[in-house]
Amino acid sequence: MAKQISCDRSHQRYDMCTVNATTVLEPTTSTFFLVEPTQALMEKVRPYPRKWETSVMGRIKEVRLTSGPPSPSCQVHHSAPALVFSAGGYTGNVFHDFNDGFIPLYITVNSIFPDGNYVLVIHSSRRWWESKYADLLHTLSKHPIVNLEKANATHCFPYAHVGLISHGFMTIDPTLMPSSINLTHFRGFLDAAYAQNHPFPSPNISKQKARPRLVLVTRSGGAGRHILNQGDLNNAAEEVGFHVILFHPTPTTSLREAYALINSSHAMMGVHGAALTHSLFLRPGSVLMQVVPLGLAWAAETCFGNSSRELGLEYMEYKIGEKESTLADKYGNDDIMVKDPVRAQGKGWSTKIMDVYLKEQNITLDLVRFRRHLEEAYNKASKFLQNKG
């Protein structure tokens with residue numbers, strides 16, 4: 001006999017637990033009770049796909065699945081099953097919102113609920129998050145969300161899955177998916193959520209006269225990885241032929257507006273950071289150029305290099321030289337932090353080391369060297385403009 005409550009804890013990134021029978025959710029304790037238990041069972045799970053990272057997982061509230069005591073009476077009946085996850089953790093950083101949230105959510109619903117009929121039950125679902133991602137949430141499920149913090153009534157479901165499936169950083173492994181679903185299908189999901197209200201630019205614009213549009217992602221000066229000669233960079237990009245559009249995303253940036261801007265552009269460029277997550281909105285065939293600061297080569301490739309290729313983008317990378325980093329001024333050209341970041345990092349990515357490369361470092365681009373990359377990006381973007389508009 002199959003267990004009424006079961007958990008798969010064999011994965012590095014996530015646990016997935018299931019109540020395989022009618023269940024009642026008591027939201028104030030985040031507990032799912034079996035209605036007709038045949039076995040004495042109890043499991044706990046933190047439904048957030050960064051299982052290996054104990055520091056953040058400690059902030060994720062546990063969900064309990066139990067056969068006893070007897071379940072409370074049901075006040076709200078659902079004919080569809082529940083999918084439970086947490087929007088806590090690193091939520092609020094747009095990279096993590098997708099890497100730990102919407103990509104695993106998309107994987108999970110396509111793996112477990114191919115008919116698309118399920119109720120999202122979300123822990124730590126804050127009002128701003130529901131508002132910012134309303135288009136995605138409504139495209140994923142036709143049912144109203146059950147917010148575990150706000151719900152007072154009990155809810156009953158025919159069964160429930162607790163947890164999200166993750167295949168790694170910013171990726172979907174088609175070999176693990178039904179119908180070989182991959183990251184390009186996720187890009188199609190984004191189109192379904194946003195494109196209907198934002199058509200492509202007017203076809204009346206002459207391709208011969210139009211310049212390829214470059215979305216230049218900017219960062220705040222106090223956040224680290226800021227381009228100190230930003231104005232000169234803007235001018236250089238215009239000189240090679242781009243129409244430059246500055247994009248400075250904030251936590252309140254409308255994703256509808258970001259999609260409309262980026263989806264209608266031909267190239268995007270920025271320093272490695274969470275804001276490059278918006279490259280998910282680029283059309284296949286357009287250009288993404290990532291400026292890679294010292295010490296961030298692995299992160300740049302893992303977070304955005306691999307995903308860009310999976311999405312069919314023309315991916316380019318500009319790895320800055322030692323003299324382009326302010327770390328050379330702070331530590332000296334011969335310091336290990338500058339000369340050999342890989343050795344400086346050792347076998348770990350400690351908070352101290354992370355702060356050096358992510359927060360202490362700013363960039364002054366060598367625009368003579370960088371111009372060659374700009375020209376290559378312009379040529380690729382121009383071809384895309386001619387082919388796709």
Side-chain angles (χ1 to χ4, degrees), residues 13-17 25-32 44-51 53-64 75-76 78 80 82-109 118-155 157 160-166 170 186 189-190 193-194 220 223 248-259 273-278 280-281 303:
R13 296 178 177 276
Y14 67 93
D15 292 328
M16 174 64 74
C17 293
L25 166 64
E26 204 293 296
T28 62
T29 59
S30 300
T31 301
F32 283 87
K44 296 179 181 179
V45 62
R46 299 181 191 272
Y48 188 71
R50 293 185 78 90
K51 178 175 136 179
E53 195 170 350
T54 55
S55 59
V56 70
M57 292 302 288
R59 305 198 300 267
I60 305 298
K61 187 171 181 179
E62 285 184 330
V63 176
R64 296 173 66 244
Q75 295 171 302
V76 181
H78 299 272
L83 173 58
V84 187
F85 68 96
S86 174
Y90 292 124
T91 298
N93 175 303
V94 68
F95 172 78
H96 291 286
D97 291 351
F98 280 87
N99 182 68
D100 307 327
F102 285 100
I103 293 176
L105 181 54
Y106 183 80
I107 292 171
T108 305
V109 300
Y118 52 90
V119 178
L120 294 174
V121 178
I122 309 176
H123 204 286
S124 303
S125 178
R126 286 154 285 186
R127 182 179 298 176
W128 70 261
W129 181 85
E130 290 185 17
S131 176
K132 180 167 184 172
Y133 294 108
D135 291 306
L136 300 184
L137 293 167
H138 294 158
T139 303
L140 281 164
S141 176
K142 62 185 179 182
H143 300 287
I145 291 169
V146 176
N147 185 324
L148 277 174
E149 269 80 16
K150 295 180 180 178
N152 293 312
T154 58
H155 294 251
F157 303 91
H161 288 273
V162 185
L164 295 179
I165 301 168
S166 172
M170 293 290 283
F186 180 76
F189 156 68
L190 297 178
Y194 294 119
S220 299
H248 183 73
T250 69
T252 59
T253 294
S254 163
L255 288 186
R256 286 187 183 184
E257 294 176 6
Y259 175 91
L276 290 189
T277 307
H278 295 91
L280 289 168
F281 298 158
C303 296

Query - Reported CD-to-OH distance for the pair Glu257 and Tyr194, which is rounded to 0.5 angstrom - result: 11.5 Å
Requested in this report: Describe, in one word, how the ring planes of His278 and Phe281 are oriented to each other, choosing from parallel (under 30°), tilted (30 to 60°) and perpendicular (over 60°).
Outcome: perpendicular
Query - Close side-chain approach of Leu280 to Met170, heavy-atom, < 4.5 Å - result: yes
Report summary line: Rounding to 0.5 Å, atoms CZ (Phe102) and CG (Leu164) come to a distance of 10.5 Å
Query raised in the report: Under 3.5 Å, is there a donor-acceptor pair between the Tyr90 and Asp100 side chains?
Result: no
**Report entry** Heavy-atom check, side chain of His155 versus side chain of Val119, under 4.5 Å
**Finding:** no
Requested in this report: Evaluate the side-chain proximity of Tyr259 to Asp135: yes if any heavy-atom separation is below 4.5 Å, no if none is.
Outcome: no
Requested in this report: Determine, stepwise, if the pair Met16 / Thr108 fulfils side chain to side chain contact (heavy atoms under 4.5 Å, CB included).
Outcome: CA-CA 10 Å; Met16 174 64 74; Thr108 305; 4.0 Å; yes
Query raised in the report: Which atoms form the tightest heavy-atom contact between Thr91 and Tyr48, and what is the distance?
Result: N-OH, 4.2 Å
Query raised in the report: At their closest point, which heavy atom of Ala274 faces which heavy atom of Asn93, and how far apart are they?
Result: CB-OD1, 3.3 Å
Query raised in the report: If we only count heavy atoms from C-beta on, is the Leu140 to Tyr118 side-chain gap below 4.5 Å?
Result: yes
**Report entry** Pairwise side-chain contact, Glu62 with Arg46, heavy-atom cut-off 4.5 Å (strictly under)
**Finding:** yes
Query raised in the report: Taking all atoms of both residues into account, what is the closest heavy-atom pair of Ser86 and Ser124, and its distance?
Result: OG-OG, 4.1 Å
Query raised in the report: Strictly by modelled atom types, are His123 and Glu149 linked by a side-chain donor-acceptor pair under 3.5 Å?
Result: yes
Query raised in the report: Can you tell me how far CG of Leu136 sits from CG of Leu105, rounded to the nearest 0.5 angstrom?
Result: 9.0 Å
Query raised in the report: So how far is it from Leu25 CG to His78 NE2, rounded to the nearest 0.5 Å?
Result: 8.0 Å
Query raised in the report: Minimum heavy-atom separation for Ala151 to Val146, with atom names?
Result: CB-CG1, 4.3 Å
**Report entry** Separation of Ile60 CD1 from Arg50 CZ (nearest 0.5 Å)
**Finding:** 10.5 Å
**Report entry** Heavy-atom donor-acceptor pair, Thr154 side chain to Glu26 backbone, under 3.5 Å
**Finding:** no
**Report entry** Residue list, side chain to side chain contact (heavy atoms under 4.5 Å, CB included) with Ser125, at least two apart or on another chain
**Finding:** Ile122, Trp129, Glu130, Asn147
Report task. Measure the CE-CZ distance between Met57 and Arg59 for me, rounded to the nearest 0.5 Å. Result -> 10.5 Å
Query raised in the report: Which pair of heavy atoms, one from Leu83 and one from Gly163, lies closest together, and at what distance?
Result: CD1-O, 3.7 Å
Report task. Can you sort out the partners of Phe189 under ring-ring contact (aromatic ring centres under 6.0 Å, His included), two or more places apart, ordered by chain and number? Result -> Tyr106, Phe186
Query raised in the report: Between Tyr14 and Pro104, is any pair of side-chain heavy atoms under 4.5 Å apart?
Result: no
Query raised in the report: Does Lys132 reach the main-chain N or O of Pro251 with its side chain, forming a donor-acceptor pair under 3.5 Å?
Result: yes
Query - Student check: side-chain heavy atoms of Phe157 and Val84 closer than 4.5 Å - result: no
Query raised in the report: Between Ser131 (side chain) and Arg127 (backbone), is there a donor-acceptor pair under 3.5 Å?
Result: no
Query raised in the report: If you take all heavy atoms of Lys61 and Thr28, which pair is closest and at what distance?
Result: NZ-O, 4.0 Å
